[in-house]
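Atoms within a ligand are numbered from 1 in the order they appear, just like the ligands themselves. Start at 1 with the first residue, then count along the sequence.
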Amino acid sequence: MTSSKQLNKTSKFLSLVLRHEPEAIELALDKNGWANIDALISKANDSDEANPLDHALIQEVVSTSDKKRFIISDDGQNIRANQGHSINVDLQLKPATPPEFLYHGTATRFLDSILQEGLKPQQRQHVHLSTDIEIATNVGQRYGKPVILTIKSLLMNEQGFMFYLSENGVWLTKSVPGIYINNH
Ligand code: HQG
């Protein structure tokens, strides 16, 4: 059994190379964000940054990830992050109809700017939204005192904005104009 500290460290490492900086270990992702697992293991173990990585540890991180951050391809050869990328990958997400409201957790210090210019994806490819207020609160408190924004997602969708549901249940959209945001 691997310790949760070790799993957490490896999960952060996988997030870094599969979402943000594959070049940190000279790893190639395909256009859909997949990395070959053998290549990932060998490149990770050649770099100083990583814990020793092997198939069993990767499998354990994937299956114990609370947010199901990663997915292994059906043939077992490849792995990718389900969402959260800053690099430009095509996850081939299908447009989906969102519920009437979705929630976005942020920090109070961002509020003025968000209400003025809307929600932007910042470093990532999408704005991340949740059906669950508790999850949104946890997301928001990563940056300070959390505040939950209610997004009129169905109305947005009816007015032409596309929504996508990631493999791990996160709702994604390109941006949210201020008129669709309620600050309570
Ligand atoms: C804020 C984690 C000022 C936005 C989580 C957020 C999530 C603005 C921050 C996932 C703004 C970006 C994503 C504007 C947006 N002015 N601030 N106009 N528009 N912001 O981390 O949604 O654990 O890129 O509110 O669980 O916090 O990594 O996005 O506070 O699902 O798997 O700019 O990351 O997942 O922060 O988090 P992020 P996020 P993992």
Side-chain angles (χ1 to χ4, degrees), residues 4-22 24 27 29 32-35 40 49-51 57-72 79-89 91 93 96 98-99 101-153 156 161-184:
S4 64
K5 197 170 159 203
Q6 168 84 8
L7 289 173
N8 197 21
K9 195 167 168 206
T10 301
S11 175
K12 284 195 169 15
F13 172 75
L14 292 179
S15 287
L16 174 76
V17 297
L18 296 176
R19 289 170 166 180
H20 308 298
E21 259 184 70
L27 180 68
L29 305 188
N32 304 125
W34 293 102
L40 168 64
E49 308 198 9
N51 300 319
L57 180 56
I58 290 177
Q59 185 59 60
E60 199 176 350
V61 169
V62 171
S63 54
T64 58
S65 168
D66 51 348
K67 293 186 182 169
K68 297 194 174 24
R69 290 185 179 89
F70 312 103
I71 186 167
I72 292 178
I79 183 170
R80 76 175 177 187
N82 277 323
Q83 39 70 230
H85 299 78
S86 55
I87 50 174
N88 189 18
V89 296
L91 295 177
L93 297 167
F101 299 113
L102 285 168
Y103 303 98
H104 178 86
T106 188
T108 48
R109 64 196 164 99
F110 299 147
L111 206 49
D112 285 349
S113 160
I114 291 174
L115 294 177
Q116 223 165 57
E117 55 185 36
L119 276 170
K120 298 190 162 170
Q122 309 292 49
Q123 307 306 313
R124 303 190 196 250
Q125 286 193 294
H126 296 97
V127 171
H128 290 221
L129 303 169
S130 173
T131 52
D132 184 306
I133 293 181
E134 200 182 321
I135 290 175
T137 308
N138 291 335
V139 171
Q141 68 196 10
R142 288 155 50 245
Y143 292 114
K145 188 168 185 288
V147 55
I148 302 302
L149 307 176
T150 301
I151 311 302
K152 295 175 201 163
S153 39
M156 264 182 85
F161 292 85
M162 305 297 271
F163 282 77
Y164 308 90
L165 183 57
S166 74
E167 283 283 339
N168 58 339
V170 178
W171 282 92
L172 304 169
T173 192
K174 272 288 166 203
S175 62
V176 181
I179 51 166
Y180 300 108
I181 300 174
N182 274 346
N183 164 23
H184 52 75

Region of Gln116 engaging ligand 1 - heavy atom pairs below 4.0 Å: neither

Contact partition for Gln123 relative to ligand 1, non-hydrogen atoms under 4.0 Å: neither

Distance filter under 4.0 Å to Arg19 heavy atoms, resulting ligand 1 atoms: 28 (O), 32 (O), 40 (P)

Identity and distance of the protein heavy atom lying nearest atom 6 (C) of ligand 1: Thr106 OG1, 4.0 Å

Winner among Gln125, Arg124, Gln122 once heavy atoms are compared against atom 38 (P) of ligand 1: Arg124

Heavy-atom side-chain contact between Arg124 and Arg19 under 4.5 Å: yes

Close N or O approach (Pro121, ligand 1; < 3.5 Å): no

For Glu117, the ligand 1 atoms whose distance to one of its heavy atoms is below 4.0 Å: 14 (C), 16 (N), 18 (N)

Pair Ser130-Asp132, side-chain donor/acceptor within less than 3.5 Å: no

Atom 16 (N) of ligand 1: the protein heavy-atom neighbour that sits closest, reported with distance to 0.1 Å: Ser113 OG, 2.5 Å

Gln141, CD atom: more than 12 neighbouring heavy atoms under 6.0 Å: yes

For atom 27 (O) of ligand 1, the protein heavy atom that lies nearest, with its residue and separation: Arg142 NH1, 2.9 Å

Min side-chain heavy-atom separation Met156-Pro177 under 4.5 Å: yes

Atom indices of ligand 1 within 4.0 angstrom of Tyr143 heavy atoms, with elements: 21 (O), 27 (O), 30 (O), 36 (O), 38 (P)

Pick from Lys67, Lys120, Arg69, Lys12: the one approaching atom 35 (O) of ligand 1 most closely through a non-hydrogen atom: Lys67

Within-4.5 Å side-chain heavy-atom neighbours: Lys152 and Phe101: yes

Identity and separation of the nearest protein heavy atom to atom 7 (C) of ligand 1: His128 ND1, 3.8 Å

Proximity flag Ser130 to ligand 1, non-hydrogen atoms under 4.0 Å: no

Smallest separation among heavy atoms of Ile72 and Trp34, with atom names: C-CZ3, 4.2 Å

Note, Gln125 side chain near Asn88 side chain (heavy atom, < 4.5 Å): yes

Protein heavy atom at shortest distance from atom 4 (C) of ligand 1: His104 NE2, 3.4 Å

Side chain to side chain, Thr173 and Tyr164, heavy atoms closer than 4.5 Å: no

Heavy-atom gap Val170 to ligand 1 smaller than 4.0 Å: no

Pairwise side-chain contact, Pro99 with Leu102, heavy-atom cut-off 4.5 Å (strictly under): yes

Where ligand 1 meets Gly118 - atom numbers and elements under 4.0 angstrom, heavy-atom basis: 14 (C), 18 (N), 19 (N)

Greater than 12 external heavy atoms within 6.0 Å of Asp66's CG: yes

